[in-house]
Amino acid sequence: MSRITAIETFALRIPRDEPYLGPLTDCTATNDGYFVRPGNKSVYHVADQCVLVKISTESGHSGWGECVSFVAPQAVVQIIDQVMGPLLIGRDATDPVVLYHDCYDLMRVRGFFGGYWHDALSAIDIALWDLTGQIRAVPLCKLLGGQRHERIPAYVSGLPAGDLDARVAKAVSWRDRGFPAIKFASAVSYGSPGTEMAALREGLGPDMAILCDMHWRHTAAAAIAEVAELHRHNLALAEAPCAPEDINGAAKVAASVSCPVGIGEELRTVFEFRPRFLAGCMDVIQPEMGRTGISSFMEICTLARAFHARVAPHASIGIGLFQAASLHASAVLPHLWLHEYQHSIFDRNLRFLSGDMSCDAGSFSVPTGPGLGVAPKDEVFNYLLSTEEAAHVS
Ligand code: MG
């Protein structure tokens, strides 16, 4: 028994040189830094925002968690500070799966099956698993079933550049550094997605895998046409072809195209994945550890095995704590394909972490040491989102 004595939250706002997916043109923006790109309806922030959670026990141990929260991180903070945190005080930190299910149950009859509620829970879940690893003095992957993979193969995600030639040159430089795969976003293509795909294939040669994130933009018919055009140049994955709610559309795409379809970065539980597996929506799942947490991630991956789907974990905005959790979980999986490598975020934020996590020559190292094997350094707390910033409305 290792009773929880404190749960602390830290909302961060870390400036970045260039917004996610490249320079801002013709964007709708707010004075507080949120923006929406033409052609991509989703909102982002010019800075990297995330929430860290620290859980401490009476035994003197502490564990760290983190969730995706680059939009309104204050919502996650409130859920944890006012509800989940106080309810977990006194519980045994080495029961992470039990506490995950208890927290999930707290709001299910009100219809909170995911969203901010589950994002907050994922940060807590990761911290509890980290704590359990610290207390038992073993790396997280050993707690989750054992380390099958020493290295985790990485695909390079996003090619921010000012024009198509620069974009192809960037892709070639990643290939030359040993990376086996690259992903571009058709929503921000130069020319048309087909033009960009053709240029990338010509520049990269036949061997490098090229994935395309279609950002949920299409009807089934339009997605089928776009994938067919891209697959003339050997597309390795069509990601998110249809709207997240369009189960029938995704199923139609998956049945009609001859390259693999991937979905799932926006889904958090087996309950959300199950109907999509039953409908035949995908060949590859892309769970995001910063939204699922570890307990749910492992459940989802077990479900994927039953449907013979491969796993290509998504990697979103954070300082690297949930990325470390994702690498540990990936290291266990027999059906792992590739792990996303968001180079512009991962490389820049590594300075905030202790530990030996890295990505080079085409793959990630799995951090060594107990639990996650990484922890925040003090300097990250220079970027706390202040109450004044959080309250800013213009
Ligand atoms: Mg995506």
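Since we're looking at a predicted model, the values are computed, not measured.
Listed by chain and residue number, R167 satisfy the salt bridge (charged side-chain N to carboxylate O under 4.0 Å, His left out) test with E196 (two or more places apart in sequence, or in another chain). With sequence neighbours left out, the side chain to side chain contact (heavy atoms under 4.5 Å, CB included) criterion links A254 to V261. Residues passing the side chain to side chain donor-acceptor pair (under 3.5 Å) test with D48 are R16, R348, sequence neighbours excluded. Partners of F112 according to the ring pair (Phe, Tyr, Trp, His ring centres under 6.0 Å) rule, which considers only residues two or more places apart in sequence or in another chain, do not exist here. Residues passing the side chain to side chain donor-acceptor pair (under 3.5 Å) test with E272, sequence neighbours excluded: none. With sequence neighbours excluded, the residues satisfying side chain to side chain contact (heavy atoms under 4.5 Å, CB included) with S42 are N40, Y44.
Aromatic ring centroids of Y100 and H118 lie under 6.0 Å apart. Annotation: F364 is in aromatic contact with H339 [ring centroid separation under 6.0 Å]. Taking the centre of each ring, W129 and H328 stay at or above the 6.0 Å mark.
Within 6.0 Å of CZ on R274 lie no more than 12 heavy atoms contributed by other residues, nucleotides or ligands.
Here the SG-CD1 distance, from C212 to I182, works out to 12.5 Å after rounding to the nearest 0.5 Å. Interatomic distance, F70 CZ to L12 CG, rounded to the nearest 0.5 Å: 15.0 Å.
Checked by atom type, the side-chain pair E58/T5 shows no donor-acceptor distance below 3.5 Å. Under 3.5 Å, the side chains of Y34 and Q49 contain a donor-acceptor pair of N or O atoms.
A chain of hydrophobic side-chain contacts below 4.5 Å, direct or via other Ile, Leu, Val, Met, Phe, Trp or Tyr residues, connects F381 to I80. A continuous path of Ile, Leu, Val, Met, Phe, Trp and Tyr side chains, each step under 4.5 Å between heavy atoms, connects I7 with Y116, placing both in one hydrophobic cluster.
At distances below 3.5 Å, at least one donor-acceptor pair connects side-chain atoms of E288 with backbone N or O atoms of S316.
Salt bridge status for R268 with D119: present, with a side-chain N to carboxylate O gap under 4.0 Å.
Between F10 and W64, the angle of the ring planes lies from 30° to 60°, which puts this pair in the tilted group.
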